[in-house]
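Remember, it's a predicted structure, so these values are computed and weren't measured experimentally. In what follows, chains carry the letters A, B, and so on, assigned in the order in which the sequence lines appear, proteins first and then strands, with residues in each chain numbered from 1.
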Protein chains: 2
Amino acid sequence: MQNSPTDGKTRARGRPRAFDREAALARATRLFWEKGYAATSIADLTEAMEIGAPSLYAAFGSKEALYVEALGHYRDTTEDLVWADFLAADTAREAVKALLMDSAAALTGCLADMPTGCMVTLSAAGSEGNAELGALVRAARAVGFERLRDRLERGREEGEIPASVDLDALARFVQTLQNGMSILARDGASRAELEGVADVAMLGWDARVGV
Amino acid sequence: MQNSPTDGKTRARGRPRAFDREAALARATRLFWEKGYAATSIADLTEAMEIGAPSLYAAFGSKEALYVEALGHYRDTTEDLVWADFLAADTAREAVKALLMDSAAALTGCLADMPTGCMVTLSAAGSEGNAELGALVRAARAVGFERLRDRLERGREEGEIPASVDLDALARFVQTLQNGMSILARDGASRAELEGVADVAMLGWDARVGV
DNA sequence: GGAATTATGTAGCGATCGATGCAGAATTCT
DNA sequence: AGAATTCTGCATCGATCGCTACATAATTCC
């Protein structure tokens, strides 16, 4: 957790790090994303990051700490792809539609050179025996639900959604779809196929939020 | 893959097996179900199955072969819980509703003493480096889609669903929901919460299959 | 009662797991 | 220049990985 040599203008003492910490983290993130926590070995990581094991441990602490940083890097680099349009939408309906459509594109790797599926959604770190990482990814998954819930709440306040609608259930419905899309994407579903799922979901919107 | 001592009336030669093969397989299935393929070690398995490693290898061949058998055992013991009502329903609408409702119950462990989430849906064996097991679980996941697709096709033939409806997209939509429910269940969602998701989904049915 | 066959328990195989000790190299501070 | 500091590559740690050789126990066949 030391400062990078390029932090500010002051140079750290001692021998400077010979690799780009961010680039190495990006490669580790991709590997964890593709294979999961337990199935990714230190040897896999050092090979992909092109550094020695002692350098990995000096820079990141441990495999577990590296995974935590990888989750942060994942959020920093992919969150906007899926949530930007959602947050900018004028109505809850348009927000949900944008979320599902952008998810269809992002999860199939159409928006950037990235693995398919969501790293957080597909992470089984919790079931793999590591309780702390399990709590972390579960918390990360809960963030999506909260965002949805808040946006629907705003829709109710603005008169877009009747008070009779169960917002929790509706938010969980959208979250369920988004989660399920990750699994279809990992199985090879195309962007068009996932957009078709989103279309079907939105066709029922008026029936769900009406009355 | 030898015959069990209790197969038929003839007793196998040699020393009889000292454990119940089916019971041991059931315990192995539960462990793979909970932890996944890669994160479950032979030591974990032998402890849960209460047998020695040589007995495990004599009876099941290898960790990989045991996982294949566990997938079969899982199918044999849980498939009906989720698909029986679907297959017996009179209409495509009722079939889909039954599938989602029964999934809500089964995936939260309400129908039997079992782990939460679907073993097949949540299996990351494909991403964990084992290509053969990956193809196997992917094929198992595809079965659900085919069942849905076929039932919707029948609904079209029987006049329940208009010809204008994209059956592939609709089937994929239901499959996406069912997949997503496994992840919510693994994160602790209740049966009522998942039934709420199913309710929301069904509220949009007429809007989706109409016109 | 052997001979043949199969299962069990101990003990350990080579390989890989996550993680480190250590010597030397590269840099800053004084 | 020399001390202090930090990173790198080599070698390896003890633990665990999936798996098995071997001797012994338990059974059927002859």
Exercise for review: Let me know the distance between CZ of B:F60 and P of C:dA7, rounded to the nearest Å.
Suggested key: 12 Å
Review point. Base, sugar-phosphate, or nothing for B:A53, non-hydrogen atoms under 4.0 angstrom?
Key: base
Practice item. Compare side-chain N and O positions of A:S55 against OP1 and OP2 of D:dC7 and report whether any pair is under 4.0 Å apart. Key: no
Exercise for review: Could you check which of D:dC17, D:dC7, C:dA19 has an atom nearest any side-chain atom of B:A43?
Suggested key: D:dC17
Practice item. For A:K97, look at atom NZ and say whether over 12 heavy atoms of other residues, nucleotides or ligands are found less than 6.0 Å away. Key: no
Practice item. Take atom CD1 of B:I51 and atom P of D:dT20, then tell me their distance rounded to the nearest Å. Key: 15 Å
**Study point:** For atom CG of A:N130 and atom P of C:dC17, their distance in whole Å
**Key:** 17 Å
Practice item. Write down the distance between CD (A:E50) and P (D:dC7), rounded to a whole number of angstrom. Key: 20 Å
Study note, to complete from the structure: Rounded to the nearest 0.5 angstrom, the CE-CG distance for B:M181 and B:L194 is 4.5 Å
Study note, to complete from the structure: Assign each of B:D44 and B:R13 the nucleotide of DNA chain D bearing its closest heavy atom; nearer the 5' end lies the nucleotide of B:D44
Point to revise | Exercise: identify the closest heavy-atom pair between A:G117 and A:A185 | key: N-CB, 4.0 Å
Check your understanding: Any side-chain donor-acceptor pair under 3.5 Å between A:S41 and A:D44?
Key -> yes
Point to revise | Side-chain donor/acceptor contact of A:R15 with base of C:dA25 under 3.5 Å | key: yes
Review point. Nearest-Å distance, OH (B:Y57) to C1' (D:dC22)?
Key: 18 Å
Review point. NA contact type, A:T46, heavy-atom cut-off 4.0 Å: base, sugar-phosphate, or nothing?
Key: nothing
**Study point:** B:P54 side chain, from C-beta outward: closest of C:dG9, D:dG9, C:dA19
**Key:** C:dG9
**Study point:** Comparing B:F19 and A:E64 on DNA chain C - which has the more 5′ nearest nucleotide
**Key:** B:F19
Review point. Tell me: CG of B:L66 to C1' of D:dC19, nearest whole Å?
Key: 14 Å
Point to revise | Value in whole Å for how far the P atom of D:dC19 lies from CE of B:M49 | key: 13 Å
Practice item. Specify the residue among B:G14 and B:K63 whose closest nucleotide of DNA chain D lies further upstream toward the 5′ end. Key: B:K63
Exercise for review: Give the minimum heavy-atom separation between B:R21 and B:A59, together with the two atoms involved.
Suggested key: NH2-O, 2.8 Å
Review point. A:I42 CD1 to C:dT16 P: how many Å, rounded?
Key: 16 Å
